[in-house]
Protein chains: 2
Amino acid sequence: MKKQASLNTTTSCSSRITAIKDTMEILSGKWKFHIIGTLLQSDKMRFMDLIREVDGIGAKMLSKELQDLEMNHLVSRTVLNTKPITVEYKITDYGKTLEPIINEIANWGMEYRKLIYKAANQED
Amino acid sequence: MKKQASLNTTTSCSSRITAIKDTMEILSGKWKFHIIGTLLQSDKMRFMDLIREVDGIGAKMLSKELQDLEMNHLVSRTVLNTKPITVEYKITDYGKTLEPIINEIANWGMEYRKLIYKAANQED
DNA sequence: ACCTATAGTTTCCTAAAGGGAACTGGTTTC
DNA sequence: GAAACCAGTTCCCTTTAGGAAACTATAGGT
């Protein structure tokens, strides 16, 4: 008789797995956290501001990532009727609910650095 | 005069950005969360158990992801001296510190589903 | 006239991620 | 002796992600 999966087949489990997949897909790619993190700090930003703040990103990537975020209602996009056209990007209230996740991830990463540093020193 | 970045250039900010990059690199790929989540539930698992529990993963990917996780001290690997060789994978204490992150991500994803569902019903 | 700025899009390319299938090599079971 | 189970590895292939450079069109500055 073949062995079968048992742990991850309960409904509570598979909905958890789906939830994680959903979240990670929404936040997928090299730049999403970076962009959201930047918008969380500053409330309003224009396209060119983001190009300058998000270190290393190019116009194509920024444009694409912002479209993704807008589609998922995490970021709002407002075209202003100014002389050279300007566009305002803001994080939505919904987008702000990501802050706890981002904080957890940032904190974990900082603890990680500390541990690596400690381990490296103990080896000497 | 050229405009310059200002927000993300403070030291506290750039170390936060680095921390997020670190964490996401350690947890990168399609399967890491899935594997860690499974190991968090069950403490000890063998290679073939994981193949069965982590839905859709192949031997090559599982092997590679487990090596990554072991390198980062999130998972331990113990070869048992049994007749057909068996290997025991366990999450480390350090790996368990990821639980809050995973919980946040899972919870956010479940709230997301609820909102999408609500929005879809209101449109009718 | 020419440079800069605005917000992108388009084209073309490379690098990285992911996956299927076969294979290793040992052991146990039928 | 053939088949199956364990824990992988190797080879080859496809798909996706990411990025650089050029280009759209409009307007203000020097």
Side-chain angles (χ1 to χ4, degrees), chain A residues 1-6 17 20-21 24-36 38-39 42 44-72 75-90, chain B residues 1-6 17 20-21 24-36 38-39 42 44-72 75-90:
Chain A
M1 193 172 111
K2 266 198 186 173
K3 285 193 186 179
Q4 292 196 338
S6 57
I17 291 166
I20 292 172
K21 243 183 254 169
M24 294 318 294
E25 203 183 306
I26 289 167
L27 299 176
S28 68
K30 200 176 166 183
W31 301 108
K32 300 255 166 57
F33 279 99
H34 216 330
I35 293 168
I36 293 169
T38 303
L39 285 172
S42 69
K44 273 180 202 182
M45 294 196 89
R46 284 177 307 155
F47 190 82
M48 278 296 145
D49 292 336
L50 283 166
I51 290 266
R52 278 183 287 266
E53 291 295 338
V54 180
D55 192 41
I57 201 169
K60 193 193 81 172
M61 274 298 121
L62 180 57
S63 171
K64 191 219 143 211
E65 298 291 69
L66 284 170
Q67 278 172 31
D68 288 357
L69 294 172
E70 200 195 344
M71 253 195 300
N72 287 314
V75 162
S76 71
R77 179 178 180 276
T78 318
V79 180
L80 301 179
N81 202 7
T82 49
K83 326 86 183 252
I85 189 174
T86 52
V87 179
E88 224 174 64
Y89 290 97
K90 289 182 68 173
Chain B
M1 195 171 112
K2 267 196 184 173
K3 285 194 185 178
Q4 292 196 338
S6 57
I17 291 167
I20 292 172
K21 243 183 252 168
M24 294 318 295
E25 203 183 307
I26 289 167
L27 299 175
S28 69
K30 199 176 167 183
W31 302 107
K32 299 254 169 59
F33 279 99
H34 216 328
I35 294 168
I36 293 169
T38 303
L39 286 172
S42 70
K44 273 179 205 183
M45 294 195 88
R46 284 175 308 155
F47 190 83
M48 278 297 147
D49 293 335
L50 283 165
I51 290 267
R52 278 184 287 267
E53 291 294 340
V54 180
D55 191 41
I57 202 168
K60 196 195 78 172
M61 275 297 122
L62 180 56
S63 171
K64 191 220 145 210
E65 299 291 70
L66 285 170
Q67 279 171 31
D68 287 356
L69 294 171
E70 201 195 344
M71 252 195 302
N72 287 312
V75 161
S76 70
R77 179 178 179 276
T78 319
V79 180
L80 301 179
N81 203 5
T82 49
K83 327 85 185 254
I85 190 174
T86 51
V87 178
E88 225 173 64
Y89 289 96
K90 290 182 68 173

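Just so it is clear: chains get the letters A, B, ... in the order the sequence lines come, proteins before strands, and each one is counted from 1.
Atoms CG and CG, from Leu27(A) and Asp68(A) in turn, are 11.0 Å apart once rounded to the nearest 0.5 Å. Interatomic distance, Glu65(B) CD to Phe33(B) CZ, rounded to the nearest 0.5 Å: 11.5 Å.
Summarising the geometry of Thr38(A) relative to Glu53(A), their closest heavy-atom pair is CG2-CB, 3.9 Å, with the distance given to 0.1 Å.
Side-chain to base pairing of Lys60(B) with dG19(C): one donor and one acceptor N or O lie within less than 3.5 Å of each other.
Here the C1' atom of nucleotide dG26(C) and the CG atom of Asn81(B) are 12 Å apart, to the nearest Å. Rounded to whole angstrom, the span from the CE atom of Met45(B) across to the P atom of dC6(D) amounts to 13 Å. Between the CG atom of Asp49(B) and the P atom of dC5(D) there is a distance of 14 Å, rounded to whole Å. Computed from coordinates, the Lys64(B) NZ to dG20(C) P distance equals 15 Å when rounded to whole Å. Atom CD of Glu65(A) and atom C1' of dT16(D) are 13 Å apart (whole Å). Spacing between atom CE of Met48(A) and atom P of dA27(D) amounts to 18 Å, rounded to whole angstrom units. As a whole-Å value, the separation of Leu66(B) CG from dA7(D) C1' is 11 Å. The CE-P distance, from Met24(B) to dA16(C), rounds to 19 Å in whole Å.
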Working for side chain to side chain contact (heavy atoms under 4.5 Å, CB included), residues Ile35(B) and Tyr89(B) = CA-CA 10 Å; Ile35(B) 294 168; Tyr89(B) 289 96; over 6 Å; no
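Dashed line: the shortest gap from a side-chain N or O of Trp31(B) to OP1 or OP2 of dG18(C) is not under 4.0 Å. Applying the 4.0 Å criterion to OP1 and OP2 of dG8(C), one finds that Tyr89(A) has a side-chain N or O inside that range. Considering only side-chain N and O atoms, Ser63(B) lies under 4.0 angstrom from the phosphate OP1 or OP2 of dT9(D). Regarding contacts with the backbone of dG19(D), a side-chain N or O of Lys30(A) is found under 4.0 angstrom from either OP1 or OP2. At least one side-chain nitrogen or oxygen of Arg77(B) sits closer than 4.0 Å to the OP1 or OP2 atom of dG8(D).
Comparing dC5(D), dG18(D), dA7(C) by their nearest atom to the side chain of Arg46(A) picks out dA7(C). Residue Met61(B) has its side chain nearest to dG18(C) when only dG8(C), dG18(C), dA7(D) are considered. Considering only side-chain atoms of Ala59(B), the nucleotide from dT9(D), dG18(C), dG18(D) that sits closest is dT9(D). With dA7(C), dT9(C), dG19(D) as the candidates, the nucleotide lying closest to the side chain of Gln67(A) is dT9(C).
Where Thr86(A) and Pro84(B) meet DNA chain C, the nucleotide closest to each residue was compared, and Thr86(A) sits on the side nearer the 5' end.
Residue Glu88(A) is out of contact with every strand shown, counting any heavy-atom pair closer than 4.0 Å.
At least one donor-acceptor pair under 3.5 Å links the side chain of Lys32(B) to the backbone N or O of Ser28(B).
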